[in-house]
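Report on one structure; see the data block that follows.
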Amino acid sequence: MSNKPNTYSAVAEVAYKRVRRSRLQRVKLGLSKAPPTAWFGMIVIFLYIFCALFAPLLAPYGEAEIFPEPFAPWSSEFIFGTDQIGRDILSRMIYGARNTVSIAVATTALAFLIGGSLGLAAAINMSWLDQFLSRLVDVLMAIPSLIFALVLLSIFGSTVTNLILIIAVLDSTRVFRLTRAVSLNVVVMDYVEAARLRGEGLGWIMRREILPNILPPLIAEFGLRFCFVFLTIAALSFLGVGIQPPTADWGSMVRENASLIMFAQYDLKAGLTPLLPAAAIALLTVAVNFVVDWFLHKTSGLRDEQ
Amino acid sequence: MHPVIKTVLGRLAMGVLTLFAVSLIIFSSMELLPGDFGQAILGQAALPETVAAFRRELGLDQPAIVRYWQWVTAVLQGDLGTSFSGRNASGVDRSREVVDLVLPRLRNTLFLASIAALIAVPLSLLLGVTTALYRNTFYDRSVNMATLTTISFPEFFVAYLLILFFASLYPIFPSLANVDSDTLFGERLYRAALPALTLTLVIVAHMMRMTRAAIINLLASPYIQMARLSGASSAEVILKHALPNAWAPIATVIAFNLAYLVVGVVVVEVVFVYPGIGQLMVDAVAMRDIPVVQGCALIFAVTYILLNLLADIIGIITNPRLLHPR
């Protein structure tokens, strides 16, 4: 903590006051110790958020604005060329940040809302509710989630709302298991018992007694889940059953421009075009992983035993 | 009864129960369809009688329990129903049996998945064990970095990178893996090279990291330290002390990743236009051809459950503590 006197004196010890750092100071200190990989991750995430928020200002053209020349080469007019029906790739990449990332964030948040609250409730109320939910989750997790998502999408159809709901419900199973497991250790604490005896309701115990104590693993899981959801949505869109055109989305952009890759022999830039949205997906996932790694390291001291 | 047999039987019973629950879920996908889907499939011009006949053929005039029983007994006899596509308003039925669609493609998918598994499993076990033994060296760090990056990449990014380098810039392999039943084995292998390589790269990363974590976890346990302190050579420590306890985690890791292969195969098949069951399923989803989706989902889910069941059973029967009860 703050500087201690080198020599001992009783007066100094009595006068010595430990200064508690404010939240801002602690955050600053933590950031200054962050490794370069974490910094890299945070800068990338910040840039993506910036792009997503100010997409209409940054993009040179509109999201679905069509120009006469399809598959135009890279030029000063169209920096990354145009796609199969003549839409500017760069603009669609920027709008894609807005659509793809916000859908993934919404899905992850919903998954945490469902899985987290049910997990907490199951851990507090260790009765039929816990049994029922745990068995249900076992069954849902017995089917690979991409396959399950495909089945559900074939029934309900591919709209953005359905996509968010389906992926959120399927992913909430994993959040449920984690929340339940970590909160089981907290539920047995005396202060939870005290709150219960005081007559606090289920909602209060969940929010005020347990949640603050299980937050670090949940935040780390939020990052990892986000990556997973993001990759699943990208994969579904790539397969053509996720986010539908004309909405700009990185997964479907890869699919639409994939044929260009065979022209790499003649024009390397054209061959790189379909890889750009895929690289955008990969870069964000790597960045989030770096930040989560650092965060886990910091909060739990989780590391390989020496 | 021997405790091993008892535990295995218990696990098998759980597996059967899970299969039952999964079959219920997949069956109910037909229940969840909107009421007018018969009209939607047959077209607006379909006469009410044609729609009614179609509904009768699907058995929609019977209670759900009866239909579930008929569906399950048919599936067990290898009949997955009839595809929705190929039907039209005039009532002429050109639809095909789902089994006829699925079987040849299933063979292709199994071929692709087994090549990927044959390369990936030994490679990742080797990498996992060596990185665990030489951990925190330069070798360990670089392998870790490479695998962490590969895990974060979507499968189609890896696939297109490989196409860019090995099919477009340096045309060594074909970018389209179109095989049919007449393709010879060598030719088939050559055409499936890039999809198999993609799958291998994706699962090696996962499998190697999990193997490494399992081995490190094991090597940190007190009884390994005890064996080291008592003067056993490192080969002896690994082979005699660590390995018997490592089979269970390694089997879990392999099964988990083979199950992951099941999912990865869907995307990879679409990228390389490989005529496998994953591509069939994606096409069926886009056309909302429910019987085909059900059939494919059933195959994927059963494979996934059986692999996990197998891993659990291997874990149980190799567990030294259960094999030699006190």
Side-chain angles (χ1 to χ4, degrees), chain A residues 37 135-136 138-158 227 230-232 234-236 238-241 250-251 254-255 258 260-266 268 271-272 274-275 277-290 293 304-306, chain B residues 14 17-19 21-22 24-26 29-30 32-34 132 135-136 148-149 151-158 160-161 163-165 167-169 171 175 212-213 216-217 219-220 259-260 262-264 266-267 270-271 281-282 284-290 293-294 296-297 300-301 304-305 308:
Chain A
T37 49
R135 293 295 83 75
L136 185 70
D138 284 349
V139 171
L140 288 185
M141 284 175 79
I143 306 178
S145 61
L146 186 70
I147 302 297
F148 209 157
L150 283 175
V151 173
L152 291 177
L153 281 173
S154 71
I155 303 166
F156 297 115
S158 309
C227 291
F230 187 54
L231 289 180
T232 311
L236 286 173
F238 172 77
L239 294 175
V241 294
W250 292 335
V254 177
R255 176 196 183 83
L260 277 179
I261 207 162
M262 291 317 285
F263 296 103
Q265 266 170 301
Y266 315 108
L268 183 64
L272 285 180
L275 287 177
I281 295 167
L283 184 65
L284 181 61
T285 339
V286 173
V288 174
N289 264 325
F290 277 155
D293 248 21
D304 297 339
E305 291 97 51
Q306 293 294 311
Chain B
M14 267 310 286
L17 217 60
T18 318
L19 280 177
V22 166
L24 264 184
I25 291 179
I26 292 178
S29 57
M30 193 75 101
L32 290 168
L33 282 176
R135 64 180 174 282
N136 289 327
L148 189 68
T149 333
I151 286 178
S152 314
F153 285 0
E155 286 100 349
F156 54 83
F157 186 47
V158 179
Y160 280 121
L161 277 182
I163 291 186
L164 179 68
F165 285 111
S168 184
L169 290 180
S175 67
R212 178 177 177 276
I216 285 180
N217 208 358
L219 289 181
Y260 185 82
V262 168
V263 179
V266 177
V267 174
V270 171
V271 173
M281 182 166 183
V282 172
V285 169
M287 292 190 300
R288 303 180 76 170
D289 188 349
I290 303 290
V293 175
Q294 276 182 327
C296 297
F300 278 126
Y304 192 76
I305 293 170
N308 281 322

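What you are looking at is a predicted structure, and each value in this text was computed from that prediction instead of being measured. Protein chains get the first letters and strands the later ones, always in sequence-line order, with residue 1 at the start of each.
In this pair, A:Phe238 and B:Tyr160 present their aromatic rings perpendicular. The plane angle is above 60°, beyond the 30 to 60° band.
Of the atoms belonging to A:Arg255, it is side-chain heavy atoms, and not backbone ones, that fall under 4.5 Å from chain B. Using a 4.5 Å cut-off between heavy atoms, B:Leu164 touches chain A through backbone and side chain atoms alike. Heavy atoms of A:Leu239 lying under 4.5 Å from chain B belong to its backbone as well as its side chain. With a 4.5 Å cut-off on non-hydrogen atoms, B:Tyr304 touches chain A through its side chain but not through its backbone. Contacts between B:Leu161 and chain A at a heavy-atom distance below 4.5 Å involve backbone atoms as well as side-chain atoms. Contacts between A:Leu140 and chain B at a heavy-atom distance below 4.5 Å involve the side chain alone, from C-beta outward. Both the backbone and the side chain of A:Phe156 come within contact range of chain B, each with at least one heavy atom under 4.5 Å from a heavy atom of that chain.
By the 4.5 Å heavy-atom criterion applied to side chains, A:Ile147 and B:Met281 are counted as neighbours.
Rounded to the nearest 0.5 angstrom, A:Asn289 CG and A:Leu284 CG are separated by 10.0 Å.
Using a distance-only test at 3.5 Å, with no hydrogens or angles considered, a donor-acceptor pair links the side chain of B:Gln294 to the main chain of B:Ile26. Of the possible donor and acceptor atoms, one in the side chain of A:Thr285 sits under 3.5 Å from a partner among the backbone N and O of A:Ile281. Side chain of A:Ser158 to backbone of A:Val241: a donor-acceptor contact under 3.5 angstrom is found.
Comparing A:Leu146, A:Leu150, A:Leu272, A:Val139 by how many heavy-atom pairs each has under 4.5 Å with chain B, the most go to A:Leu150.
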